[in-house]
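First the proteins, then the strands, lettered A, B, ... as listed; each starts at 1.
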Amino acid sequence: MRVGDDYLEAVLDLVAQIPRGRVMTYGTIAEVISDRLPADERRGGPRQVGYVLSRAGGGVPWWRVVNAAGGPAASHLSAALTALASEGTPLAAAGLRVDLRAALWWPVED
DNA sequence: ACATTGACTAATT
DNA sequence: TAATTAGCCAATG
């Protein structure tokens, strides 16, 4: 098995576990993955999580992954907002971003 | 091997 | 609270 695929799988698996109506930030995902994987398989930061998701394409609820500001990924943001709204994700008053205080999800908390 | 790019974050102003 | 700047890690050309 190729090295690095574990990281990719870990990210995809974690994203797939995000409950409907909840979200996770790139930084949080990076933290959890780093903690779950051995040092050899670790990859650095939030940007790599984004890279993995960009390559993942369909089959993964990527719209449940948001940046630290609470806004959807820089691309496809209208699609993400639509999907989030459809799933009942708590949106901020402006409607342009997610209410992190209410929607942010943590794997161990749930 | 060097420079550029990107689904990012945190600190500063 | 919002806009700017600097730092970050890996991929890609």
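- For the pair A:L53 CG and B:dC8 P, the interatomic distance rounds to 10 Å; values are reported in whole Å.
- For the pair A:I33 CD1 and B:dC8 C1', the computed distance is 16 Å after rounding to whole Å.
- Atoms CZ (A:R47) and P (B:dT4) sit 15 Å apart, rounded to a whole Å.
- Across all strands, A:Y26 comes closer than 4.0 Å to base atoms (heavy-atom distances).
- The aromatic ring centroids of A:H76 and A:W63 lie 6.0 Å or more from each other.
- Rounded to whole angstrom, the span from the CZ atom of A:R42 across to the C1' atom of C:dA10 amounts to 16 Å.
- Counting non-hydrogen atoms under 4.0 angstrom, A:G50 reaches a base of the nucleic acid.
- Rounded to whole Å, the distance from CH2 on A:W62 to C1' on B:dC8 is 17 Å.
- Using a 4.0 Å cut-off between a side-chain N of Lys or Arg and a carboxylate O of Asp or Glu, A:R64 and A:E87 qualify as a salt bridge.
- Both A:G44 and A:R97 sit near DNA chain C, but only A:R97 has its closest nucleotide nearer the 5' end.
- Regarding A:E41, its CD atom lies at a distance of 12 Å from the P atom of C:dA10, rounded to whole Å.
- For the pair A:R43 CZ and C:dC8 C1', the computed distance is 16 Å after rounding to whole Å.
- Taking 4.0 angstrom as the limit, A:Y51 places none of its side-chain polar atoms (N or O) nearer than this to OP1 or OP2 of B:dT5.
- In this structure, the CZ atom of A:R55 is 21 Å from the P atom of C:dC9, given to the nearest Å.
- Distances were taken from every side-chain heavy atom of A:Q48 (C-beta onward) to each of C:dA2, C:dA10, B:dA7; the shortest belongs to C:dA10.
- Of the candidates C:dT12, B:dT9, C:dA10, the closest approach to any side-chain atom of A:A68 belongs to B:dT9.
- Side-chain atoms of A:N67 come within 3.5 Å of backbone N or O of A:G70 as a donor-acceptor pair.
- A:V66 and A:G71 get closest at one heavy-atom pair: CB-O, 3.3 Å.
- Using P as the reference atom, C:dG7 and B:dA7 are 22 Å apart when rounded to the nearest Å.
- A salt bridge links A:D13 with A:R36: the closest approach of a Lys/Arg side-chain nitrogen to an acidic carboxylate oxygen falls below 4.0 angstrom.
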